[in-house]
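Atoms considered below: every heavy atom in the structure, side chains included; atoms not considered: hydrogens, waters and symmetry mates. Sequence lines set the chain letters: A, B, ... in the order given, protein chains first and strands last, and positions in each chain run from 1.
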Number of protein chains: 2
Amino acid sequence: MSFSIGEVAKRLGCNVQTLRYYEQIGLVAPAHRTEGGQRRYGQKDLEHLKFIRHSRELGFSLDSIRTLLRLSRHSDEPCQQADALAREQLHQVRSRIARLQALEAELADMVEQCECNVVANCRVIEVLGNHDLCQHGDHHVGAHAVRD
Amino acid sequence: MSFSIGEVAKRLGCNVQTLRYYEQIGLVAPAHRTEGGQRRYGQKDLEHLKFIRHSRELGFSLDSIRTLLRLSRHSDEPCQQADALAREQLHQVRSRIARLQALEAELADMVEQCECNVVANCRVIEVLGNHDLCQHGDHHVGAHAVRD
DNA sequence: CCTTGAACCTACAGTCACTGTAGGTTCTAT
DNA sequence: ATAGAACCTACAGTGACTGTAGGTTCAAGG
């Protein structure tokens, strides 16, 4: 019924520092402690943490998760905001896929065209230094939109 | 023939701090300075920086770029290492795409199934709290393999 | 030549979501 | 009672930048 931090980490597939970190930044309430000062987690704490980890796996930021957690505690309120956050996340994921597919195309060309001889005629080095050699010119947009 | 840091940043589509940062970590040689101490970049510096930015856009780490730059200066050596780095990068990009596509599938399902009513019967909140509700179970692997 | 203000300079702190370390304490099984 | 695994706090480090404060230099116009 009551779990140590290590047990929780194992169940969630994260490590213990991460759980302490979530407590530290106030994403979850401070865990109950033993007399000796060690954390013990109940079933409800576990559910909250599962929610958080699953959301993280889907790429939501801790900030969005904070909102989603707050929403999940007010089950009588409209869920437009949760819906909007999910749609926004979906949009971001799709953008990242699109960008990564552009990178994939260029990298695949580079690798394929390399004769793997010496650097002087290495297609990889050549293309990196000269963007005009790309077959697919549009991978330069939004260089920072590809995280998680 | 000689550019200020602001001009270079504009041409490369990055900002000036980034260029100073590359110098600071020794990725590029310190730029030539005016009498007053301001940086001036020549054509060759520009080429190096273009190489770096293009590589970054393709998702290479600064560490890999360091190696690629070193290789590009030794044009008589074999290019296996450059080729290997590019192949590894391609592999990573493909893994990230695969993972993001799993996320996309789950998010799309969530969003589609939400009746957008109140939180109590919101599919988004429900699925986040209960991974078993996912149609696609395999998005939890390698949560940290999706950057850039 | 002088002034104005945009662009530059350094040094350092902050971002995100953790991860790692040092040095000490508690829990649990034998 | 003891051994050692697991826990605790506090703080520094990661990657690749981004932002800020407070001061200096440059180039154009008068």
B/Glu77, CD atom: more than 12 neighbouring heavy atoms under 6.0 Å:
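For B/Glu77, atom CD is crowded (more than 12 foreign heavy atoms under 6.0 Å).
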
Taking atom NE2 of A/His74 as the centre, report whether more than 12 heavy atoms of other residues, nucleotides or ligands fall under 6.0 Å from it.
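Enclosed: over 12 neighbouring heavy atoms sit under 6.0 Å from NE2 of A/His74.
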
How is [X] classified with respect to the nucleic acid when contacts are heavy atoms under 4.0 Å: base, sugar-phosphate, or nothing?
X: B/Tyr22; answer: sugar-phosphate
X: A/Arg39; answer: sugar-phosphate
X: A/Ile25; answer: nothing

In whole angstrom, what separates B/Arg33's CZ from D/dC26's P?
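Rounded to the whole Å, the gap is 12 Å.
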
Under 3.5 Å donor-acceptor pairs involving side-chain atoms of residues 5-20 of chain B, not counting sequence neighbours:
unit_1, atom_1, unit_2, atom_2, d
B/Glu7, OE1, B/Ser4, N, 2.9
B/Asn15, OD1, B/Thr18, OG1, 3.0

Show each protein N/O and nucleotides 26-30 of chain C N/O combination with a separation under 3.5 Å, one pair to a line.
unit_1, atom_1, unit_2, atom_2, d
C/dC27, OP1, A/Thr34, OG1, 2.9
C/dC27, OP1, A/Gly36, N, 3.1

What nucleotide, of D/dC8, C/dT10, D/dC17, holds the atom closest to the side chain of B/Arg20?
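From the listed options, C/dT10 comes nearest.
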
Under 4.0 Å between a side-chain N/O of B/Asn15 and OP1 or OP2 of D/dC17, yes or no?
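For B/Asn15, the contact criterion (side-chain N or O under 4.0 Å from OP1 or OP2 of D/dC17) is not met.
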
Using modelled atom types and a 3.5 Å cut-off, is there a donor and acceptor pairing between side-chain atoms of A/Gln81 and backbone atoms of A/Leu71?
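No; judged by distance alone, with no hydrogens or angles, the pair does not exist.
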
Minimum-distance pair of heavy atoms, taken over all atoms of B/Gly26 and B/Arg66:
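Of all heavy-atom pairs spanning B/Gly26 and B/Arg66, the closest is O-NH1, 3.4 Å.
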
